[in-house]
Amino acid sequence: MFESTIIYSLVAVILTVMLCFIISTLLPGIERKYIHARVQQRIGPPVTSLGVMAPIKFMFKENIEPSTDVPGLYKALPIICFLVVLSVFIILTPYSYVIPAFASLIAIVGLLKVEEICYVLMGALSKSIMSIRMPFPDLVKGAAHINLTRSSIEDISSRRSLRMITYGSFPLYLALFAPVTQAKSIFIADIVRYQHINGPFLFTVAGMIAAVVFFIGYMIILNEYPFSIIKAKCDVIEGPYMEYASKYRAVVVLTRGFFMFTLGALFSVLFIGVPPNIFSFDIIINIIVTLIFVFMMGIFSAFTPVFTNRQLLPTILGSTLLGILAIVLGLL
C-alpha cells in the first residue's frame, strides 16, 4: 500500500511537470505574438517560434568556448537554473507536502536566491567579449589605465545582478511572506489548507496589496522590461547569457518559459490556495493565472523602457513599502 502510494505520487508529479512544461514553452511566444506585436502593429512570430522552435534550432548550432577560469561550472549554470525552477515547481505540487521541510516558503526563497546568484556567476566567470578574448585595455590618448584588463559585457551585468540580489527582488519575497500572516505558518500545506477553509488570501485587502507587489517582483526576477538592467539590449545586450550558445542557450530559453509558469503557479498556491495537480481540474486555474501574468507583463514591458537607477530605486522602494503594509495589515 505504501509503495503504491509513492508510485502514484511520483507519476502524478511527473505528469504535472510534463503538462506544465509543455504549456510553458508557448508562454514566450504568446507574450511576443499577442502583446508586443500588437503594440508595435506587426504580425509577430509564430507562437511556437520562441519556446519550441528556437531551442530545437539552438541544439544544432555550433557551441563556443568562452574564456573562463571555471568552464565546467560556467556551462553548468543554465542547467542549475533549470533544476532550481523545477524544484520550486515540485514543491508547489500537493504530493510534496508530506515533507514539510521541503514544502516550505524557506525552501522556495532559498532556491530563488540560488537562481539569482547564478546570474552573478554567469557574468563573473566569463572573460570574453562576443566570444573573443580581449585582455588588453583600450589605448585612448590621455586615458588613465588603472586595470590591466578590459571589463567585459558580462562583468558589467554581473555587478548589476549583485545589486538586484541586494535590493531588487526584495518586494517579491515580502509578497511571498504576506500569506504567512494569515495562515500563521511557513509551510505550503498549511497555507493552502487555511485558504480552503477561510477563502483565498487574494480577496483580502492585504492580499490585494501583496498581489500588486508580487507582480512587480515577478517582473523583476524575470529580468523583464522595465527591470531588465542585467540584460538590457541598449548596452549589455544579453548580459549573463552573452556567451551561451548551442544546447546551453536552448536550456536558457526553456528555463525562462518554465520559470514564468512556475511563478504563476506560486501565486496560485499562496494567494488562491490552488496547487498544480494534473489529476484535478483546479490546474486550469493555475494555467489561467499564469496567462494573466504573462499578458500583464507583456503590456507593461511593451510600453516601458529600461529603468535607470533614477526610476528603479524609487519603484523598488515604493513596492517594498507596499509589501510591508500588506504584512502589517495581515497581522492586524
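- For the pair Ile91 and Ile188, the tightest heavy-atom approach, listed with the atom from each and the gap, is CG2-CG1, 4.3 Å.
- For the side-chain contact (heavy atoms from CB on, under 4.5 Å) with Phe227, the lone residue among Thr315, Val306, Ile221 that qualifies is Thr315.
- Contact annotation: the side chain of Val213 never approaches that of Thr320 to less than 4.5 Å [non-hydrogen atoms, C-beta and beyond].
- Counting heavy atoms of neighbouring residues, nucleotides and ligands inside a 6.0 Å radius, atom CZ of Arg42 exceeds 12 of them.
- Of the possible donor and acceptor atoms, one in the side chain of Thr68 sits under 3.5 Å from a partner among the backbone N and O of Leu125.
- Interatomic distance, CZ of Phe258 versus CG of Leu263, reported as 10.5 Å (0.5 Å rounding).
- With sequence neighbours left out, Asp190 forms a side-chain hydrogen bond (donor to acceptor under 3.5 Å, both in side chains) with Ser185, Arg193.
- Pairing each heavy atom of Gly273 with each of His196, the nearest pair is O-NE2, 2.9 Å.
- Heavy atoms from other residues, nucleotides or ligands lying under 6.0 Å from CD1 of Ile43 number 12 at most.
- A donor-acceptor pair under 3.5 Å is formed between the side chain of Ser268 and the backbone N or O of Gly264.
- In this structure, the side chain of Ser24 engages the main chain of Phe21 through a donor-acceptor pair within 3.5 Å.
- Under the 4.5 Å side-chain contact rule for hydrophobic residues, Tyr167 and Ile230 share a cluster.
- Here Tyr225 pairs with nothing under the side-chain hydrogen bond (donor to acceptor under 3.5 Å, both in side chains) rule; sequence neighbours left out.
- Transitive grouping of hydrophobic side chains (ILVMFWY, heavy atoms separated by less than 4.5 Å) keeps Tyr194 and Phe267 in distinct clusters.
- When all heavy atoms are compared, the tightest approach of Tyr119 to Ser161 is CB-OG, 3.7 Å.
- Between Phe215 and Phe293, the ring planes lie tilted relative to each other; the angle falls in the 30° to 60° range.
- Shown are Val253, Thr25, Val47; of these, the side-chain contact (heavy atoms from CB on, under 4.5 Å) with Val52 is made only by Thr25.
- Checked by atom type and distance alone, the side chain of Thr204 pairs as donor or acceptor with a backbone atom of Phe201 at under 3.5 Å.
- Within a 6.0 Å radius of OH in Tyr97, more than 12 heavy atoms belonging to other residues, nucleotides or ligands are found.
- For the pair Ser157 and Val120, the minimum side-chain heavy-atom distance is 4.5 Å or more.
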Yes or no on side-chain contact (heavy atoms from CB on, under 4.5 Å) for Ile90 and Tyr95, after CA distance, side-chain angles and deciding distance?
CA-CA 8 Å; Ile90 292 175; Tyr95 305 101; over 6 Å; no
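- Listed for the Ser49 side chain is no donor-acceptor partner under 3.5 Å among the backbone atoms of Pro45.
- Checking side-chain atoms of Gln182 against main-chain N and O of Ala206 turns up no donor-acceptor pair under 3.5 Å.
- Looking only at side-chain heavy atoms (C-beta outward), Tyr244 and Met122 come within less than 4.5 Å of each other.
- Side-chain N/O atoms of Ser169 and Glu116 include a donor and acceptor closer than 3.5 Å.
- Ser126 approaches Glu154 most closely through the heavy-atom pair OG-OE2, 3.0 Å.
- A donor-acceptor distance shorter than 3.5 angstrom exists from the side chain of Arg249 to the backbone of Tyr241, with no hydrogens or angles considered.
- Annotation: Met18, atom CE; neighbour count of heavy atoms from other residues, nucleotides and ligands within 6.0 Å does not exceed 12.
- Side chains of Pro275 and Leu92 form no contact here, defined as non-hydrogen atoms less than 4.5 Å apart.
- By the 4.5 Å heavy-atom criterion applied to side chains, Ile220 and Leu172 are not counted as neighbours.
- Placement of Leu222 and Val289 within a single hydrophobic cluster is found when ILVMFWY residues are connected by side-chain heavy-atom separations under 4.5 Å, directly or transitively.
- Around OH of Tyr34, the count of heavy atoms belonging to other residues, nucleotides or ligands within 6.0 Å does not exceed 12.
- The hydrophobic cluster containing Phe295 also contains Met297, counting ILVMFWY residues as joined when their side-chain heavy atoms lie under 4.5 angstrom apart, directly or transitively.
- Within the 4.5 Å cutoff, no side-chain heavy atoms of Pro226 are placed close to those of Gln311.
- Using a 4.5 Å heavy-atom threshold, the side chains of Leu27 and Thr290 count as touching.
- Rounding to the nearest 0.5 Å gives a distance of 11.5 Å between CD1 of Ile283 and CD1 of Ile288.
- Within the model, atoms OG1 of Thr308 and CD1 of Ile229 stand 9.5 Å from one another, a figure rounded to the nearest 0.5 Å.
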side-chain contact (heavy atoms from CB on, under 4.5 Å), that's the test. Do Val180 and Leu105 meet it? Break it down for me. CA-CA 9 Å; Val180 172; Leu105 271 183; 3.3 Å; yes
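- Closest approach of Pro100 to Ser104, counting heavy atoms only: O-CB, 3.6 Å.
- A side-chain donor-acceptor contact under 3.5 Å links Ser246 to the backbone of Lys61.
- When atom types are taken as modelled, the side chain of Ser280 and the backbone of Asp282 share a donor-acceptor pair closer than 3.5 angstrom.
- Remark: the backbone N or O of Ile216 is not paired with any side-chain donor or acceptor of Ser319 at under 3.5 angstrom.
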TODO: Give the C-alpha distance, both sets of side-chain angles, the deciding distance and a yes or no for side-chain contact (heavy atoms from CB on, under 4.5 Å) between Val252 and Phe58.
DONE: CA-CA 10 Å; Val252 167; Phe58 289 140; over 6 Å; no
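- With no hydrogens or angles considered, no side-chain donor-acceptor pair links Asp69 and Tyr74 at under 3.5 Å.
- Taking each heavy atom of Ala211 and Phe271 in turn, the nearest pair found is N-CE2, 3.7 Å.
- Annotation: the span from Ile35 atom CD1 to Phe300 atom CZ amounts to 12.0 Å, rounded to 0.5 Å.
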Open item on the list: As a quick check of understanding, evaluate ring pair (Phe, Tyr, Trp, His ring centres under 6.0 Å) for Phe279 and Tyr8, giving each step before the final call.
Closed with: CA-CA 11 Å; Phe279 295 134; Tyr8 174 83; 5.5 Å; yes
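- Asn223 and Arg256 share no side-chain donor-acceptor pair at under 3.5 Å.
- Distance check, rounded to the nearest 0.5 Å: CD of Glu224 to OG1 of Thr304 gives 8.5 Å.
- Counting heavy atoms from C-beta on, the side chains of Ile324 and Leu174 come closer than 4.5 Å.
- A continuous path of Ile, Leu, Val, Met, Phe, Trp and Tyr side chains, each step under 4.5 Å between heavy atoms, connects Val274 with Ile287, placing both in one hydrophobic cluster.
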For Glu115 and Phe259, what are the C-alpha separation, side-chain angles and deciding distance, and is it a side-chain contact (heavy atoms from CB on, under 4.5 Å)? CA-CA 10 Å; Glu115 195 267 346; Phe259 199 19; 3.6 Å; yes
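- Once rounded to the nearest 0.5 Å, the distance linking CD1 of Ile209 with CG of Leu321 reads 12.0 Å.
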